Amino acid sequence: MPQTTAAVTGAAATVSIYVSAAYVDISGSSQSIDVVTATVTTGEAYTFDGNYAITTVGKYEPVEVTVNILYTETAGEAWMSARALFEGRTSTKLKWLPLGAASGADTYETGTGYITSIDYPPVDAASAGPIMVSFTLRVPSITYSNT
């Protein structure tokens with residue numbers, strides 16, 4: 001098989017969070033989404049005959065999506081939206097398009113869940129860089145579609 005020429009960088013990705021019945025684009029104040037690992041429950045049993053376990057799979061486990069964002073104090077940007085959802089214990093969902101909003105881009109969208117953890121801004125007088133924080137959304141599922 002020849003080497004691929006279709007690798008995706010993610011530099012032009014879009015990220016949106018569901019706030020008040022609509023998605024809000026938070027791409028301009030979001031830096032990255034950590035790797036999300038989906039798993040299913042598994043079971044096993046051994047028999048007297050044979051050397052290996054009999055294994056089965058069950059239901060999908062919830063997933064956690066961590067979004068790394070820039071701390072800003074601007075309404076509608078990532079921090080203010082995530083903080084309000086967290087403090088209000090309001091359900092939400094997230095979607096991201098690794099290739100950006102281009103036609104035919106892959107879309108990953110979570111089911112409805114809750115922000116279960118959030119970083120409040122640290123401060124450091126010796127740092128000139130932007131303040132980075134994150135939030136984690138726990139959801140039952142992630143779906144894939146191609147728009």
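From a predicted model like this one, the values you see are computed outputs, not experimental measurements. Atoms considered below: every heavy atom in the structure, side chains included; atoms not considered: hydrogens, waters and symmetry mates.
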Decide yes or no for [X] and [Y]: does some side-chain heavy atom of the first lie under 4.5 Å from some side-chain heavy atom of the second?
X: S134; Y: V67; value: no
X: L97; Y: D106; value: no
X: Y108; Y: S145; value: no
X: L85; Y: I17; value: yes
X: S29; Y: T74; value: no
X: I118; Y: R83; value: yes

Smallest separation among heavy atoms of [X] and [Y], with atom names:
X: S81; Y: V19; result: CB-CG2, 4.2 Å
X: V133; Y: P122; result: CG1-CD, 4.0 Å
X: S91; Y: Y114; result: N-CE2, 3.4 Å
X: E73; Y: M80; result: C-CG, 4.2 Å
X: G58; Y: V40; result: O-CB, 4.3 Å
X: I26; Y: G76; result: CG2-O, 4.2 Å

*Would you please indicate if the ring centroids of F86 and W79 are separated by under 6.0 Å?*
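No, the ring of F86 stays outside the 6.0 Å limit from the ring of W79, centre to centre.
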Between [X] and [Y], is there a shared hydrophobic cluster once you connect ILVMFWY residues whose side-chain heavy atoms come closer than 4.5 Å?
X: V65; Y: V24; answer: yes
X: V8; Y: Y144; answer: no
X: I115; Y: V36; answer: yes
X: V57; Y: Y60; answer: yes
X: V63; Y: V15; answer: yes

Assess, by modelled atom type and distance only, whether the side chains of [X] and [Y] contain a donor and an acceptor separated by less than 3.5 Å.
X: T39; Y: E61; value: yes
X: T136; Y: T66; value: yes
X: E109; Y: Y23; value: yes
X: S27; Y: D25; value: yes

*Take F135 and I69 through the side-chain contact (heavy atoms from CB on, under 4.5 Å) test and state the conclusion after the steps.*
CA-CA 8 Å; F135 66 90; I69 59 176; 4.0 Å; yes
Could you tell me the separation between the [atom1] atom of [X] and the [atom2] atom of [Y], rounded to the nearest 0.5 Å?
X: T37; Y: E64; atom1: OG1; atom2: CD; value: 11.0 Å
X: N68; Y: Q31; atom1: CG; atom2: CD; value: 6.0 Å
X: I33; Y: L94; atom1: CD1; atom2: CG; value: 5.0 Å

*Would the number of heavy atoms belonging to other residues, nucleotides or ligands and lying under 6.0 Å from CD of E87 be above 12?*
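Correct, the count exceeds 12.
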*asked:* Taking OH in Y120 as the centre, count heavy atoms belonging to other residues, nucleotides or ligands within less than 6.0 Å. Is the count above 12?
replied: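 Correct, the count exceeds 12.
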*Among all residues two or more places apart in sequence or in another chain, which pass the side chain to side chain contact (heavy atoms under 4.5 Å, CB included) test with E44?*
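By the side chain to side chain contact (heavy atoms under 4.5 Å, CB included) rule, E44 matches Y46, A53, T55.
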*Start with the C-alpha gap between N146 and T107, add the side-chain angles, then the distance that decides, and say whether side-chain contact (heavy atoms from CB on, under 4.5 Å) holds.*
CA-CA 6 Å; N146 185 272; T107 301; over 6 Å; no
*Is the backbone of Y18 close enough, under 3.5 Å, to the side chain of T92 for a donor and an acceptor to pair up by distance?*
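Judged by distance alone, yes, a pair lies under 3.5 Å.
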_Flag, side chain of S30 to backbone of S32, donor-acceptor distance under 3.5 Å_ =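 No: the side chain of S30 does not pair with the backbone of S32.
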*Passes side-chain contact (heavy atoms from CB on, under 4.5 Å), W96 versus I142? Steps please.*
CA-CA 11 Å; W96 65 99; I142 296 176; 3.9 Å; yes
*Apply the test side-chain contact (heavy atoms from CB on, under 4.5 Å) to residues L137 and T116: give CA-CA distance (whole Å), side-chain angles for both, the deciding distance (0.1 Å), then the verdict.*
CA-CA 6 Å; L137 179 62; T116 57; over 6 Å; no
